Asker: 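Let me give you the structure first, and then I'll get to my questions.
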Amino acid sequence: MASDVSASSSVVSAETPPAAAEGRGMSRLIAWLTGWWLTSPLMFWVVLVQGEADHDIAHDSFWDLVARAMGWVGLGGAVLAPVAGFVAAALGRRRRACARFALMGAVSAAGFLAILYLVLHAD
């Protein structure tokens, strides 16, 4: 005789629990903010390269506007990403991510202080 199994016990729910969906969303947010911070030096480099380029055509060309936008996005990545990531990781109770974003903030602050020192003491 075959075992009698009810239909409801053999069907797996297709819905994910709300806690698991929230955890995945928090992981994606943390990964996105980490990526934003990691790409901010590249964005600053594009601004420096565009600033050194020859401006024969027009000063407010399309590429100048792109460079300015990337500069602001790079600045936001260096400043806002560690703060927003730390808050998101703290709310999601992710200790390793909190430590990572605290380190990102320290590196960003040290970089800005070094640039400020170099600008103020330039001869």
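A quick note: this is a predicted structure, and the numbers were derived from the prediction, not measured. Start at 1 with the first residue, then count along the sequence.
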Asker: Taking only residues two or more places apart in sequence or in another chain, which ones pass side chain to side chain contact (heavy atoms under 4.5 Å, CB included) with Val66?
Answerer: Phe62, Trp63, Met70
Asker: Run the numbers on Leu75 and Phe112 for side-chain contact (heavy atoms from CB on, under 4.5 Å), then give the verdict.
Answerer: CA-CA 10 Å; Leu75 182 64; Phe112 281 121; 3.7 Å; yes
Asker: Let me check something: do Val107 and Leu33 share a hydrophobic cluster, defined by ILVMFWY side-chain heavy atoms less than 4.5 Å apart, either directly or through other members?
Answerer: yes
Asker: Taking only residues two or more places apart in sequence, or in another chain, which ones meet Trp32 in a ring-ring contact (aromatic ring centres under 6.0 Å, His included)?
Answerer: Trp36
Asker: Which atoms form the tightest heavy-atom contact between Trp37 and Pro82, and what is the distance?
Answerer: CD1-CG, 3.6 Å
Asker: Find out whether Val47 and Trp72 are in side-chain contact, i.e. whether some heavy atom of one side chain is under 4.5 Å from a heavy atom of the other.
Answerer: no
Asker: Could you check if a side-chain atom of Ile30 sits within less than 4.5 angstrom of a side-chain atom of Arg100, using non-hydrogen atoms only?
Answerer: yes
Asker: Between Phe101 and Met26, is there a shared hydrophobic cluster once you connect ILVMFWY residues whose side-chain heavy atoms come closer than 4.5 Å?
Answerer: yes
Asker: Heavy-atom count check: over 12 atoms from other residues, nucleotides or ligands less than 6.0 Å from Phe44 CZ?
Answerer: yes
Asker: Determine, using the 4.5 Å side-chain heavy-atom cutoff (strictly less than), whether Leu80 and Met104 are members of one ILVMFWY cluster.
Answerer: yes
Asker: Say you draw a straight line from CG of Leu113 to OG of Ser108; how long is it, rounded to the nearest 0.5 Å?
Answerer: 11.0 Å
Asker: Which pairs, with at least one residue in residues 77-93 and sequence neighbours excluded, count as a side-chain hydrogen bond (donor to acceptor under 3.5 Å, both in side chains)?
Answerer: none
Asker: Specify the closest pair of heavy atoms between Ser40 and Gly74, including all atoms of both residues, with the distance to one decimal.
Answerer: CB-O, 3.2 Å
Asker: Tell me whether Leu29 is reachable from Leu38 by hopping between hydrophobic residues (I, L, V, M, F, W, Y) whose side-chain heavy atoms are closer than 4.5 Å.
Answerer: yes
